[in-house]
Number of protein chains: 2
Amino acid sequence: MSYEPGWDLYRTFEAVLRHGSLSGAARTLGLTQPTVTRQIDALESALGTELFVRTCRGMSPTAVALRLQPYAETLLQTTAALVRDASSANEVSGTVRITAGETVGIEYLPPILAGLRRSHPSLHLELSLSDAVEDLMQRKADVAIRMIEPTQKTLVKEKVNTVEIGLYAHESYLDRRGMPKSLKDLTKHDIIGFDTETPVIRAVTVPYSWLRRANFAVRTDSSPAQLAIIRSGLGIGYYQSRAASQTPNLVRVLEDQFTLCFDMWIAMHENLRTNPACKIVYETLGTALAAMPDD
Amino acid sequence: MSYEPGWDLYRTFEAVLRHGSLSGAARTLGLTQPTVTRQIDALESALGTELFVRTCRGMSPTAVALRLQPYAETLLQTTAALVRDASSANEVSGTVRITAGETVGIEYLPPILAGLRRSHPSLHLELSLSDAVEDLMQRKADVAIRMIEPTQKTLVKEKVNTVEIGLYAHESYLDRRGMPKSLKDLTKHDIIGFDTETPVIRAVTVPYSWLRRANFAVRTDSSPAQLAIIRSGLGIGYYQSRAASQTPNLVRVLEDQFTLCFDMWIAMHENLRTNPACKIVYETLGTALAAMPDD
DNA sequence: CGTAGCTCATATATTTTCGTATATCGATAA
DNA sequence: TTATCGATATACGAAAATATATGAGCTACG
């Protein structure tokens with residue numbers, strides 16, 4: 001026991017941990033179940049620890065295995081990032097993974113990505129829509145579009161634009177319920193709001209007491225769902241004005257009394273600057289997002 | 001070509017990158033040169049990229065290989081951290097890696113570490129003396145003692161003490177050159193100072209204009225070297241007063257006019273809280289450092 | 001109750017990988 | 001020039017890891 005394990009064993013370990021069974025891990029790894037069994041046995045004896053208790057229904061991880069899970073996930077993400085980076089060796093090709101908030105990813109990015117693919121046909125793009133800021137450091141993505149300034153020092157970043165958020169409602173709703181005249185009126189209206197109150201939201205909405213979770217008629221964190229609900233005439237919701245103004249039959253509400261502004265940032269790990277594909281994506285996204293008209 | 005490489009290949013890749021030769025990598029990996037050759041070939045064909053140019057003097061990494069080096073190093077550090085964490089499965093045993101500044105590591109830690117070893121004979125300790133703050137996030141160390149407050153959110157941290165830095169000189173020097181009466185006098189003296197001016201140093205030394213790199217008679221970043229030079233009677237230098245006051249024949253200079261204060265922090269990745277060995281080390285170091293007398 | 005479907009464990013055969021031995025190439029020095 | 005040292009490349013037998021086939025145990029469901 002207690003010898004430095006081969007790194008392949010960590011991959012198997014991660015897969016078993018994720019699937020909860022030897023057979024399931026074997027399927028995704030392209031191995032067979034006895035092989036996975038032997039590799040887990042080998043890892044356990046190398047580390048000198050029991051990692052799983054074998055049950056008839058699968059493998060149940062021990063406390064030690066759960067403690068080691070973050071390491072295994074880091075390994076997985078790092079190898080994936082390595083392969084992505086290597087895949088675009090010298091020309092603009094390979095795969096670049098982009099992360100952005102849902103609204104940006106749905107409203108702004110698609111035409112830009114289409115243009116990228118037209119000019120670089122061998123460039124493959126992955127789009128991950130989430131707001132987790134740590135993505136870049138954990139190498140879950142190569143390029144990120146964010147609404148708050150990234151602070152990590154190992155990132156290259158750039159402020160590319162500003163985003164204005166306003167209140168919107170469908171014509172049919174306003175016909176039915178009337179147009180609010182002041183922010184106070186909003187307490188009598190159906191508000192479509194966020195579900196989880198992130199620190200950012202909390203900070204930004206301080207001046208607007210009616211914009212509290214408890215007051216919302218419908219709560220969801222999905223921006224496209226919010227827009228769809230607004231369009232269905234259910235109530236008043238917030239949305240990025242640049243995108244909302246292009247939606248037919250949507251009317252801005254209390255334009256002069258409610259506006260939130262965010263800076264839009266693009267960021268990338270500095271090590272990727274020498275990667276032609278990532279560089280092109282970073283620059284193209286940066287200039288295209290900066291060139292967006294105000295309304 | 002272009003298939004997901006086995007993770008063992010990354011380990012080989014990292015070793016070849018570090019050694020610059022197949023044979024050298026083979027030696028440290030406990031493999032043979034033909035095996036390493038095959039594995040590098042396999043990795044190159046899997047990634048579809050040339051990683052090294054074969055010369056008679058060894059393997060010269062291509063630009064792509066250099067770009068991939070950070071990933072490989074992350075993998076290496078992560079696997080090492082995983083093994084360390086696993087090594088203390090359920091009892092207080094295994095290996096814990098501690099990082100601290102040189103002065104702390106030399107002046108304060110040794111008796112504490114000795115006590116730890118006495119109470120936990122199967123606990124192995126590694127001590128890495130450097131000031132790189134990112135160590136913990138990169139999993140290069142498990143527990144860190146730092147002179148500035150760690151800011152990363154995934155760390156558990158604690159302020160354990162304060163450190164006072166004063167000016168010291170050897171008796172023989174003061175006999176020869178006289179005791180300075182004011183900070184102004186210091187310009188006529190031989191000062192032993194730092195070599196590289198870190199942001200922390202720059203911020204702290206603003207009020208002391210004579211404490212500039214250009215004025216130093218001897219420059220070194222090594223704290224033990226600074227102390228040795230002070231003790232040799234070469235000039236006046238700064239040192240942690242708690243440690244300096246225990247050195248014979250060392251005299252404090254301008255005590256009432258020059259004092260720098262730092263907070264001493266202990267920090268650990270939050271995931272390690274459930275690791276018995278790391279927890280013991282963190283707690284023992286924390287209480288022992290907090291219990292140090294002021295002088 | 002019994003069967004189907006899932007799991008993990010085990011024994012055997014096969015494929016892959018590794019190590020040994022050897023050849024080759026280039027730089028360096030006598 | 002030639003010998004030597006250190007490096008990489010190649011060939012082949014040995015060892016290790018893998019896949020196949022099978023058995024046994026538990027759960028779900030008709």
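Model, not experiment: these values are computed from the prediction. Below, each value reflects all heavy atoms present in this structure, side chains not excepted, and no hydrogens, waters or symmetry copies.
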When rounded to the nearest 0.5 angstrom, what distance separates OH in A:Tyr71 from CG in B:Asp85? 3.5 Å
Donor-acceptor contact present, side-chain A:Ser223 to main-chain A:Glu102, <3.5 Å: no
Using a 6.0 Å cut-off, check whether atom CZ of A:Arg231 has over 12 heavy atoms from anything other than its own residue. no
Do B:Thr35 and B:Thr12 come close enough that some side-chain heavy atom pair is under 4.5 Å? no
Rounded distance (Å) that lies between atom P of D:dA16 and atom CG of A:Leu9: 16 Å
For B:Ile40 and D:dA7, what is the distance between atoms CD1 and P respectively, to the nearest whole Å? 15 Å
Verify the contact: side-chain N or O of A:Arg54 to OP1 or OP2 of C:dT7, cut-off strictly under 4.0 Å; return yes or no. no
Would you tell me if any nitrogen or oxygen in the side chain of B:Ser21 comes within less than 4.0 Å of OP1 or OP2 on D:dG6? no
I need the CZ-P distance between A:Phe52 and C:dC8, as an integer number of Å. 10 Å
Please give me every residue in residues 12-20 of chain B whose heavy atoms get under 4.0 Å of an atom in DNA chain D, ordered by residue number. none
Taking CG from B:Leu22 and C1' from C:dG19, how many angstroms apart are they, rounded to a whole number? 16 Å
Any donor and acceptor pair, going by atom type alone, linking the side chain of B:Glu4 with main-chain N or O of A:Leu29 inside 3.5 Å? no
Can you tell me the distance, in whole Å, between the CG atom of A:Asp41 and the P atom of D:dA17? 13 Å
Any side-chain heavy atom of A:Val281 sitting closer than 4.5 Å to one from A:Leu113? no
Tell me, which of residues 26-38 of chain B have any heavy atom that sits under 4.0 Å from an atom in DNA chain D? B:Arg27, B:Gln33, B:Pro34, B:Thr37
Among C:dC18, C:dC8, D:dA7, the one nearest any side-chain atom of B:Gln39 is C:dC18
With a 3.5 Å distance limit and no angle check, can you tell me whether B:Thr95 reaches the backbone of B:Leu125 through a side-chain donor-acceptor pair? no
Any sub-3.5 Å donor-acceptor pair from A:Arg67's side-chain atoms to B:Leu272's backbone N or O? no
Decide whether A:Arg146 and A:Thr99 meet the rule of one side-chain donor and one side-chain acceptor closer than 3.5 Å. yes
